[in-house]
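Here the structure is laid out as C-alpha cells; the discussion comes afterwards.
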Protein chains: 2
Amino acid sequence: MQSLRPTPKDAIIDAAFDVLADAPGSSLAEIAARAGVGRATLHRHFAGREDLIRTLALIAIEEMDAAADAACAGVDSPGEALRRTLEAVIPLGDRHWFLSREPLENDPAIAAEFDRLMRETRELIDAAKDEGVFEQAAPTAWIAQAYDHLVFAAWESVKAGEATHSQAAELAWRTLTIGLGGAGMEKPK
Amino acid sequence: MQSLRPTPKDAIIDAAFDVLADAPGSSLAEIAARAGVGRATLHRHFAGREDLIRTLALIAIEEMDAAADAACAGVDSPGEALRRTLEAVIPLGDRHWFLSREPLENDPAIAAEFDRLMRETRELIDAAKDEGVFEQAAPTAWIAQAYDHLVFAAWESVKAGEATHSQAAELAWRTLTIGLGGAGMEKPK
DNA sequence: GCATGGTGAGACATTGATGTCTCACTTGAG
DNA sequence: CTCAAGTGAGACATCAATGTCTCACCATGC
C-alpha cells in the first residue's frame, strides 16, 4: 500500500523533475525540500547530483518509450507510427527539456540508450521509406535528425502559445514530409 | 599596432569561446589561463562570469548578423536570402553552441536582440511567402521555429560526420520547403 | 630618467553546494 | 510490547569557484 505515501525515492524523482524543469540549476537542497524529504535521505538514495540526473535521464527515456508505445498500439504502418509518436512525445518536453542542459554524453548507459532510440527510429524511417512516406534518396540519418529537432520545435511552439498541441504536431509532420513550400516550390519531377 | 598583441579583453573573449565550446562548465580560471592572462585581469574587464557570458552572447549575435549580411550581399530575393543565411550560419554552431546551455532568457539586452533577430526573420519569411517560397497559409511563427531548429539539426549533422556543410544546408532547406516525402506523400491539391 | 597605467602572480576571504555523520523519532513487523 | 529499519533535522567538514586586494614588474609617454 505504498500508493498512499509514495516511496521517498519516487518522491525525490518527481520533485527533481518538477524543480529542475522550473530552474535547471536548482540545488539538491531545493529538490529534497520539494520532495518533503530531508537532504540526508536524498543522499541515501542517490550518490550525488550526477547520479540523480543520470537516473532522471534514464527515466525520461523510459517515459518516451512508453508514450510512443501507447501511441502506436495496434498501428501497422511505420509512417503512421512515426506520426503518432511525434505527436505523443511533444508534451513530454515540459518535463524533460532541462536534460538538454546537462552533460549526458559521457555516460555510457545513457549513450547506449540514445543509440538504441536512434537505431529504432532509423529502422522505422527505413520502413516508412518503403511505404513511400519518405523518398528513398533522402538520407535516413538526416530524416532522423530533422525529426528530433522538429519535435523540439513543436514543443517550443506550443510553449510559446503559437499553436495548440495538435496544430504543432500537424505542422511538424507536414514540414517533415511535404514541406512548407508554396507555389514557387513545387516538388521537382 | 595592437594586431601583434591583441588587447587582453579580446584575448579573453577568444579564449572563452574556445574553452567553453570544448567544455561548457569551465571555470574562469581556465579561461584566463587559455587567454594567457591573469585571473585578476579577467575580473578587471568583466564583472563576473555572468557578465562574460552576456558579452559572449551579444558577440555571437553580432557574428551571426555579420555572417548573414555577408552571405546575402547583393541578393534581392528574400527566399534566396533565407537559403544563403541558413547555409552561412551553420558553421557558427561550433563556436556558439555552448550558449544554448546558458540561461540567457532573463537578460533584457539579450532578449531584445533575440526579438530583433526573430522579427527580421519573420519579415524575410513573409516576404518569401509573397515570392511563393512558402505557402501563405503556413504560420510564419512556425516557419521561423522550424528554420531555427533545422539550422541546428544541420550543424549537428555536419558535426556527426553524416553530411558535408553544403549537403546539410541543402537538406535543411529542402526539408523546410518541399519536405522529405516520397511517392506516397505528394503535395495535396 | 621618471612617472603612470595596466598587468601577472599570488594571497586571502567569501560563498554556495555538496557529502558525511549523529541522534532522536516514527513506523511497521514480529 | 519490542525491536529494527528508515527517516528528518541539524551540525560539521570539504571543496571549487568566485571576487577582492596587494605588490612587484614592465611598458609607454613625458
Side-chain angles (χ1 to χ4, degrees), chain A residues 1-59 98-107 110, chain B residues 1-59 98-107 110:
Chain A
M1 217 18 110
Q2 53 192 13
S3 58
L4 290 182
R5 183 167 303 188
T7 183
K9 190 161 183 168
D10 290 339
I12 292 168
I13 290 172
D14 279 352
F17 272 117
D18 273 12
V19 170
L20 293 175
D22 268 359
S26 303
S27 70
L28 299 183
E30 293 173 88
I31 294 169
R34 174 76 68 95
V37 143
R39 210 161 55 84
T41 300
L42 191 153
H43 281 288
R44 283 185 192 110
H45 291 283
F46 301 96
R49 186 192 189 79
E50 206 181 350
D51 184 34
L52 174 60
I53 301 281
R54 229 176 59 89
T55 304
L56 296 181
L58 291 171
I59 290 173
F98 74 89
L99 290 167
S100 69
R101 293 208 177 173
E102 299 288 338
L104 301 168
E105 46 275 351
N106 307 318
D107 187 278
I110 311 253
Chain B
M1 218 24 107
Q2 54 191 15
S3 56
L4 291 180
R5 180 167 306 188
T7 184
K9 189 160 183 168
D10 290 340
I12 292 168
I13 291 173
D14 279 352
F17 272 117
D18 273 13
V19 170
L20 293 175
D22 268 0
S26 303
S27 70
L28 299 182
E30 293 174 88
I31 294 170
R34 173 77 67 97
V37 144
R39 209 162 56 84
T41 301
L42 191 153
H43 282 288
R44 282 184 193 110
H45 292 283
F46 302 97
R49 186 192 189 79
E50 206 180 351
D51 183 34
L52 174 59
I53 300 282
R54 230 177 59 91
T55 305
L56 296 181
L58 291 170
I59 290 173
F98 73 90
L99 290 167
S100 69
R101 294 208 177 173
E102 299 288 339
L104 301 168
E105 45 276 351
N106 307 318
D107 187 278
I110 312 255

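The model shown is predicted, which means the values in this text are computed figures rather than measured ones. Order of the sequence lines sets the chain letters (A, B, ...), proteins ahead of strands, with each chain counted from 1.
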Readout for nucleotides 13-19 of chain D: B = base within 4.0 Å of protein heavy atom, S = sugar-phosphate only, - = neither; 5' to 3' it is ----SBB
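- Comparing C/dA9, D/dT7, C/dT7 by their nearest atom to the side chain of B/H45 picks out C/dT7.
- When rounded to the nearest whole Å, the span between CG of A/L42 and P of C/dA17 equals 14 Å.
- Distance CD1 (A/I31) to P (C/dG19): 11 Å, rounded to an integer number of Å.
- Between B/F46 and B/L56 the shortest side-chain heavy-atom distance does not fall below 4.5 Å.
- Taking both residues in full, the closest heavy atoms of B/A11 and B/A35 are given as O-CB, 3.6 Å, listed atom of the first, atom of the second, then distance.
- Between D/dT7 and A/T41, no contact under 4.0 Å exists linking OP1 or OP2 to a side-chain N or O.
- Note that the CG atom of A/L52 and the NZ atom of A/K9 stand 10.0 Å from one another [nearest 0.5 Å].
- A search for side chain to side chain donor-acceptor pair (under 3.5 Å) contacts involving B/R34 returns nothing, not counting sequence neighbours.
- Straight-line distance from the CG atom of A/D51 to the C1' atom of C/dT18: 14 Å, rounded to whole Å.
- Proximity of a side-chain donor or acceptor of A/E102 to a complementary backbone N or O of A/L99 within less than 3.5 Å is not detected.
- Atom CZ in B/R34 sits roughly 17 Å away from atom P in C/dG8 (whole-Å rounding).
- In terms of heavy atoms, A/P24 sits closest to A/R49 at O-NH2, 3.6 Å.
- Counting distance only, with no hydrogens placed and no angle test, the side-chain atoms of B/R44 and the base atoms of C/dG5 include no donor-acceptor pair under 3.5 Å.
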